[in-house]
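Here the structure is a predicted model, which is why all the values come from computation and not from measurement.
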Amino acid sequence: MSIFNKKINPSGFAILPFKQPIDRTAIFLMLLLSVLIGLLLLSGDRTAPRVREFTWENKQIGAEDTGFILTFFRPMNHSTVEENLKLEPPLPGKFSWAGRRMAYTLQDPAPYGVTYTVKLAGATDKYFGENSQNKGTPIQPFSSSFRSRDRAFAYIGVQGETESRLMLVNLSSSDSKPIPLTPKDLVVTDFKPYPDSDRILFSATDRSIARTRGTLNQELFTVTTGLNPQSGSETRPPQPAGRIDKLLDSKDYQNLKFDLSADGKIIIVQRVNRRNPGDFSPWILEEKQAPRPLENEQGGDFMIRPDSKSMVISQKQGLAIVPLKPEADPVEFLPKYEQVLGMARDNSAAAYVKYNSDFTRSLFILDNQGAEQEILRIPGSIIAVYFDPRKNQDNQVQRLYCLLAQRLKTESYKEQPFIAAIDLKKEGIRLVGTIKPLLILPNQLDTQISLSPDGLALIFDQSVTTTTPSTVDSPRNDSGQSIATSRLWVLPLLEIPADGSPAKVQPEELPFAGYHPRWLP
């Protein structure tokens with residue numbers, strides 16, 4: 001029937017007859033769906049809420065990973081999530097929320113070499129738990145896992161097949177046997193691990209050259225460790241241990257002290273021109289760029305700051321903070337101090353040494369706001385300082401670990417080295433340090449210590465020197481003395497009382513010989 005033959009009502013609209021069965025069926029289904037949608041809106045969505053994303057799922061985290069995020073498919077009742085979230089083993093932390101995203105920030109770095117499980121069950125969604133008489137819809141049970149990095153360190157060997165070779169020990173492995181990373185024909189003198197622990201930067205001299213001309217012909221290399229941390233969203237193919245790449249030769253310049261930035265992108269090397277010894281200055285090596293000297297910068301000891309944008313270098317008038325990147329702060333002078341020994345990982349504070357006129361040395365803490373405080377004065381030496389990565393509830397540094405040496409009251413000048421913890425506490429606006437000796441060491445000042453990235457252990461060496469080295473290229477300490485043998489020790493830091501009573505920590509000797517140990521980040 002044509003539309004022109006349809007009935008017209010008084011309002012002028014056509015009245016369409018529904019004579020077809022399909023029309024009646026469609027109307028019925030529309031009404032039914034409307035009723036069902038109305039009932040659903042009245043009763044609410046009863047499907048169980050779920051976790052949509054967990055940022056650390058199946059990841060390997062390090063000390064720089066401070067927290068994870070859980071993202072939910074719908075808004076959640078915050079208190080029920082916080083009450084029911086379980087971490088096994090426990091990791092103390094605090095919660096924060098932004099919409100459907102929950103952040104959990106760790107109070108301390110996660111102990112290394114541990115697999116953790118995150119579980120959430122019993123939490124409810126937001127609107128039904130808060131705005132209706134029922135208790136809300138329980139979440140679909142969630143469980144996932146992540147792992148902290150392996151507890152590993154590197155050192156330089158001193159005996160037999162390991163002599164002057166860079167060695168790696170993975171204490172989290174089922175076989176913690178030392179792995180040689182460098183070949184026998186390289187004499188390693190120093191090294192710095194990269195932040196991801198997948199590589200190590202080291203200086204070394206070809207053994208044949210070292211035997212004829214000494215070790216001042218050292219070149220700069222990197223070597224892979226075989227470790228493959230997968231933090232955050234980065235995924236890289238694993239690299240086998242022992243792959244070496246040369247970064248810097250020694251043809252025209254001697255390469256002396258070097259440092260590696262916290263982000264692993266900048267290397268600073270002190271270099272001396274072989275043709276003109278008066279031409280010495282720090283050089284900068286950046287990724288995919290040719291090495292270049294830092295203009296108008298001369299000085300002695302230096303350390304790259306944790307922000308990777310500047311460095312502290314000793315000069316005649318004291319210390320200077322020198323920019324390494326255009327966006328860094330301009331040059332700043334610190335004429336009061338002679339040495340920088342340590343910096344907090346978050347760049348919030350640094351430890352500086354001042355030489356006093358009464359032949360004592362003072363340890364100062366200088367924060368990033370410019371406030372300084374003397375926390376220790378000692379008649380002897382301040383050799384090394386590490387900031388504990390574990391902080392107090394106000395996110396303030398609470399402890400330093402130091403290698404110190406106390407001057408003995410003897411006719412000839414002697415110092416007694418020891419390892420100590422210095423607890424820091426605010427008293428008004430003053431920062432007060434309380435020293436707690438942990439371990440008395442043999443009468444030698446060439447001991448080197450290293451604090452683990454999770455703050456739970458110190459590793460240190462005990463070298464025995466000799467005046468008659470077996471070969472010209474035999475291992476030597478920083479004083480140039482030949483090392484006959486050296487033992488390695490681990491000092492746990494779990495049982496240091498907070499009430500001022502004596503610490504009950506005991507060192508454990510490791511079953512291999514070496515010196516200059518350093519934990520991998």
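- Judged by distance alone, with hydrogens and angles left aside, the side-chain atoms of Q218 form a donor-acceptor pair with the main-chain N or O of N255 at under 3.5 Å.
- Listed by first and then second residue, the salt bridge (Lys or Arg N to Asp or Glu O under 4.0 Å) pairs involving residues 299-318 are K257-D301 (not counting sequence neighbours).
- Using modelled atom types and a 3.5 Å distance limit, the side chains of S314 and E338 yield no donor-acceptor pair.
- At distances below 3.5 Å, at least one donor-acceptor pair connects side-chain atoms of Q416 with backbone N or O atoms of L441.
- In summary, K391 and D346 engage in a salt bridge, as defined by a charged side-chain N under 4.0 Å from a carboxylate O.
- Defined by atom type and a distance below 3.5 Å, a donor-acceptor pair is present between the side-chain atoms of H516 and D190.
- To the nearest 0.5 Å, the span separating OH on Y401 from CG on D388 amounts to 4.5 Å.
- Sorted by first and then second residue, the pairs that involve residues 449-459 and meet side-chain hydrogen bond (donor to acceptor under 3.5 Å, both in side chains), not counting sequence neighbours, are R151-D454, S452-D454.
- Side-chain atoms of T105 do not come within 3.5 Å of backbone N or O of G67 as any donor-acceptor pair.
- A pairwise comparison of heavy atoms in W519 and P453 identifies CB-CD, 3.9 Å as the closest pair.
- At least one donor-acceptor pair under 3.5 Å links the side chain of S148 to the backbone N or O of G113.
- The shortest non-hydrogen separation linking M343 to A350 is CG-CB, 3.9 Å.
- Applying the ring pair (Phe, Tyr, Trp, His ring centres under 6.0 Å) test to F258 and every residue at least two apart in sequence or in another chain returns nothing.
- Rounded to the nearest 0.5 angstrom, I375 CD1 and L400 CG are separated by 4.5 Å.
- For E161, the salt bridge (Lys or Arg N to Asp or Glu O under 4.0 Å) criterion is met by K184, not counting sequence neighbours.
- In plain terms, the two heavy atoms of P193 and P521 that are nearest each other are CB-CD, 3.6 Å.
- The nearest pair of heavy atoms linking L520 to A154 is CD1-N, 3.7 Å.
- Under a 3.5 Å cut-off, the side chain of Y386 and the backbone N or O of I449 do form a donor-acceptor pair.
- Closest non-hydrogen pair, L181 versus A241, comes out as CD2-CB, 4.0 Å.
- The shortest distance between side-chain heavy atoms of Y515 and Q448 does not fall below 4.5 Å.
- Within the 3.5 Å criterion, the main-chain N or O of I266 finds a donor-acceptor partner in the side chain of S261.
- With sequence neighbours left out, the side chain to side chain donor-acceptor pair (under 3.5 Å) criterion links Q239 to R243.
- With no hydrogens or angles considered, a side-chain donor-acceptor pair links T189 and S203 at under 3.5 Å.
- Side-chain contact check for M167 versus R165: some heavy-atom pair is nearer than 4.5 Å.
- Every residue meeting the side chain to side chain donor-acceptor pair (under 3.5 Å) condition with K354, not counting sequence neighbours, appears here in chain and number order: N356.
- For the ring pair (Phe, Tyr, Trp, His ring centres under 6.0 Å) test, residues two or more places apart in sequence or in another chain that qualify with Y337 are Y352, F364.
- For the residue pair Q60 and D150, the shortest heavy atom distance occurs at NE2-OD1, 4.4 Å.
- Residue pairs meeting the salt bridge (Lys or Arg N to Asp or Glu O under 4.0 Å) criterion with at least one member in residues 262-281, sequence neighbours excluded, are D263-K325.
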TODO: Applying side-chain contact (heavy atoms from CB on, under 4.5 Å), run through L493 and L451 and close with a yes or a no.
DONE: CA-CA 10 Å; L493 300 171; L451 178 64; 3.6 Å; yes
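- Proximity of D249 to E219: side-chain heavy atoms (C-beta onward) are separated by under 4.5 Å at one or more points.
- Here the side chain of T55 pairs a donor or acceptor atom with the backbone of I69 at under 3.5 angstrom.
- Here the side chains of Q339 and R361 are not in contact, with every heavy-atom distance at 4.5 Å or above.
- The backbone N or O of D461 lies less than 3.5 Å from no partner atom in the side chain of S486, so there is not a single donor-acceptor pair.
- Residues that satisfy the salt bridge (Lys or Arg N to Asp or Glu O under 4.0 Å) test with E509, not counting sequence neighbours, are R487.
- When the side chain to side chain donor-acceptor pair (under 3.5 Å) test is applied to T225, no partner is found at least two apart in sequence or on another chain.
- For F68, the ring pair (Phe, Tyr, Trp, His ring centres under 6.0 Å) test picks out F54, W56, Y104, with sequence neighbours left out.
- Applying the side chain to side chain donor-acceptor pair (under 3.5 Å) test to W489 and every residue at least two apart in sequence or in another chain returns Q462.
- Using a 4.5 Å cut-off on side-chain heavy atoms (C-beta onward), V331 and P323 make contact.
- Between the side chain of Q398 and the backbone N or O of R390 there is at least one donor-acceptor pair closer than 3.5 Å.
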